[in-house]
Amino acid sequence: MSQHQAALNRVWTQVLLEECYRQGVRHVCIAPGSRSTPLTLEAVEHSGLTIHTHFDERGLGFFALGLAKSTQSPVAVIVTSGTAVANLLPAVAESKLTKEPLILLTSDRL
């Protein structure tokens, strides 16, 4: 990846996370992965966001759902692509039924 692409990725993720913050997101749950590094770095840098990490996406999804229920506000979840996203499905299905807002931020290679 070129330096220009890396800088563009960081700017894009800054804008995305700032808009999430403007929409009420105060908590970001992260299952670290190499493809989601720009999202993770910018989430950590944002002074208004509280970061929670977990190595297991399924567990992270339900943790995020619990945060959304307890705070009555949307929670963002950052994972890499592929099966990481699929592991969030049970929590997403429950969030749909309970009307608790989860925002999934996933990433893949260019």
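Residue numbers start at 1 and run along the sequence shown. Fair warning: this is a prediction, and the values are worked out from it, not measured in the lab.
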At their closest point, which heavy atom of [X] faces which heavy atom of [Y], and how far apart are they?
X	Y	answer
Cys29	Leu67	SG-CD1, 3.7 Å
Ala84	Val79	CB-CB, 4.1 Å
Ile78	Leu60	O-CD2, 4.4 Å
Ser34	Thr37	O-OG1, 2.9 Å
Leu65	Ala91	CD2-O, 4.0 Å
Ala68	Val75	N-CG2, 3.6 Å

request  = Measure centre to centre between the rings of His46 and Tyr21, then say whether the value is under 6.0 Å.
outcome  =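 Aromatic pair counts; centres sit under 6.0 Å.
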task = Test Leu105 against every option in Thr40, Leu17, Val25 by the side chain to side chain contact (heavy atoms under 4.5 Å, CB included) rule and name the one that passes.
result =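 For Leu105, the side chain to side chain contact (heavy atoms under 4.5 Å, CB included) check succeeds only for Leu17.
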request  = Can you measure from CG (Leu104) to OG (Ser95) and round to the nearest 0.5 angstrom?
outcome  =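 One gets 7.5 Å once the value is rounded to the nearest 0.5 Å.
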query = Say you draw a straight line from CZ of Arg58 to CG of Leu89; how long is it, rounded to the nearest 0.5 Å?
reply =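 These two atoms lie 9.0 Å from each other.
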message = For Ser36, is there any backbone N or O sitting under 3.5 Å from a side-chain donor or acceptor partner on Ser107?
response = yes
Partner set under side-chain hydrogen bond (donor to acceptor under 3.5 Å, both in side chains) for Glu94, not counting sequence neighbours = Lys69
message = Run the side-chain hydrogen bond (donor to acceptor under 3.5 Å, both in side chains) test against Thr71 and tell me which residues pass, sequence neighbours left out.
response = Ser73
Shared hydrophobic cluster for [X] and [Y] (ILVMFWY, side-chain gaps under 4.5 Å):
X	Y	value
Val44	Ile103	yes
Leu8	Leu39	no
Phe62	Val77	no

request  = Determine, stepwise, if the pair Thr106 / Ser81 fulfils side-chain contact (heavy atoms from CB on, under 4.5 Å).
outcome  = CA-CA 6 Å; Thr106 69; Ser81 61; 5.5 Å; no
task = Identify, with sequence neighbours excluded, every residue that meets salt bridge (charged side-chain N to carboxylate O under 4.0 Å, His left out) alongside Glu42.
result =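 Per chain and number, Glu42 pairs via salt bridge (charged side-chain N to carboxylate O under 4.0 Å, His left out) with Arg10.
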task = Answer yes or no: is there a side-chain heavy-atom contact under 4.5 Å between Phe63 and His54?
result = no
